[in-house]
2 protein chains.
Amino acid sequence: MPRIVAEKSDVVAAIAEVFREHGYEGASLSQITATTGFGKGSLYHFFPGGKEDMASHILAHIDHWFEIEIFAPLGTGDAATAIARMMRSVETYFQSGNRICLVGAFTLTGTRDRFATPIAIYFRRWISALEGALHRTGLNQSQASQRAETAVLAIQGALVLARALNDAAVFTRALHQIEADLLRPDPQS
Amino acid sequence: MPRIVAEKSDVVAAIAEVFREHGYEGASLSQITATTGFGKGSLYHFFPGGKEDMASHILAHIDHWFEIEIFAPLGTGDAATAIARMMRSVETYFQSGNRICLVGAFTLTGTRDRFATPIAIYFRRWISALEGALHRTGLNQSQASQRAETAVLAIQGALVLARALNDAAVFTRALHQIEADLLRPDPQS
DNA sequence: TTGGGTTTGTACCGATTGGTACAGAATTGG
DNA sequence: CCAATTCTGTACCAATCGGTACAAACCCAA
């Protein structure tokens, strides 16, 4: 019984990479079976709802990972440390700019309409978790909110530009600047 | 004879909107014919190379528009004025965040591999044009380069986040901050 | 008005799409 | 060891995919 869960989780991770490479519409069932090694039988056993079901589970899987590794930790301990920890996790997760944000990729196509709610929740949660940490550094609510939004947005943009220029250095460079901007002392006070 | 060119340009613009909405892989020929009103006959007359040919022409069309309206103007006149002008053009072009950057959307899927060169050229040219203007404000080369990269990246990220949250205000808010960051006096001097 | 090129709609093509059916292999609890 | 359940490969399906062929409609110069 636990074996089912474990394998399903593996399947989710494997399919996610196919979506990451070809997008939702571009990832065909035959590509998924070929790349993951799972036949249609297995696929439709785990995901009776087909492609859309797979993508839903993938988004949930990603959201869960971020909740555990990024969002929740932002709420604990020293704020500056938590933010630095986030930046490190982000750099690792996105493989220094060589890996795409699937949520962001879904956002930019018609796929967004299918998954509008989980997509919006993911980004809102990220911003709100970061905003909480910034608030603990002494920033007021509106400044914390603005900085958090800017940081999340910049991470997404960095992923786009790094891939467009095929230059992962763009991403790491951006991450360092984002971190500096986040921890910069309040110019108001 | 000029009529051909004019109509072809119209077709390009119409198809671009379909790609913008569904992505390259997601935009089917039948959707293109239905949305644009042009039959397959016309489509394959103008674009013998099919879908890929259409997308190439669209990218060229976009690049040309940006060259005329954004990139080239950055090289003329007062730098601060030129940058402010760019921000206004960007806000108009992307309809205050309600319109997607097709180049960015292509970047995040397997489509990038097909059009890697024009995509990279587009972003490089944008950054380099902006870098030139920043250099004219007195910033040194490396600072100008870094700021230009950050600004272009942030615009892309703002488009992603605005669409993800279905909130155009995110985009306009970001644009104002980007402009302020670009024109901020050199902290070094 | 006619003739030649340009533009377009329609019918059609093989290939592939996402999805279903189901028999059998593998695994498990009893 | 057996039966029930879980898992998987294969064959198959209608629908749609991107693309081709081509004849008719259209347009403009002569």
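In what follows, every chain begins at residue 1, and chains take the letters A, B, ... in the order their sequences are listed.
- Between the P atom of C:dG18 and the NZ atom of A:Lys40 lies a distance of 8 Å, rounded to the nearest Å.
- In this entry the distance linking OH of B:Tyr44 with P of D:dC22 reads 17 Å, nearest Å.
- Of the N and O atoms on the side chains of A:Gln177 and B:Thr150, at least one donor lies less than 3.5 Å from an acceptor on the other residue.
- To the nearest angstrom, C1' of C:dT20 lies 18 Å from CZ of A:Phe46.
- Of the candidate nucleotides D:dG18, D:dG9, C:dG18, C:dG18 has the atom lying nearest to any side-chain atom of A:Leu29.
- Looking only at side-chain heavy atoms (C-beta outward), A:Phe47 and A:Ile58 stay at 4.5 Å or farther from each other.
- If you measure from atom CG of B:Asp10 to atom C1' of C:dT8, you get 16 Å, rounded to the nearest angstrom.
- Between B:Gln31 atom CD and D:dG19 atom P the separation is 15 Å, expressed in whole Å.
- The phosphate of C:dT16 (OP1 or OP2) has no side-chain N or O of A:Ser28 nearer than 4.0 angstrom.
- Counting to the nearest Å, the C1' atom of C:dT20 and the CZ atom of A:Phe47 are 18 Å from each other.
- OP1 and OP2 of C:dG18 both lie 4.0 Å or more from every side-chain N or O belonging to A:Ser30.
- In this structure, B:Arg114 contributes its side chain and B:Ser56 its backbone to no donor-acceptor pair below 3.5 Å.
- Taking the side chain as every heavy atom from C-beta outward, A:Pro118 and A:Phe106 never approach each other to under 4.5 Å.
- The CG atom of A:Leu43 sits 11 Å away from the C1' atom of C:dG19 (whole-angstrom rounding).
- If A:Gly41 and A:Gly26 are placed on DNA chain C by their nearest nucleotide, the residue sitting closer to the 5' end is A:Gly26.
- OP1 or OP2 of C:dT8 has not a single side-chain nitrogen or oxygen of B:His45 nearer than 4.0 Å.
- Nucleotide C:dT16 holds its P atom 15 Å from the NZ atom of B:Lys51, rounded to whole Å.
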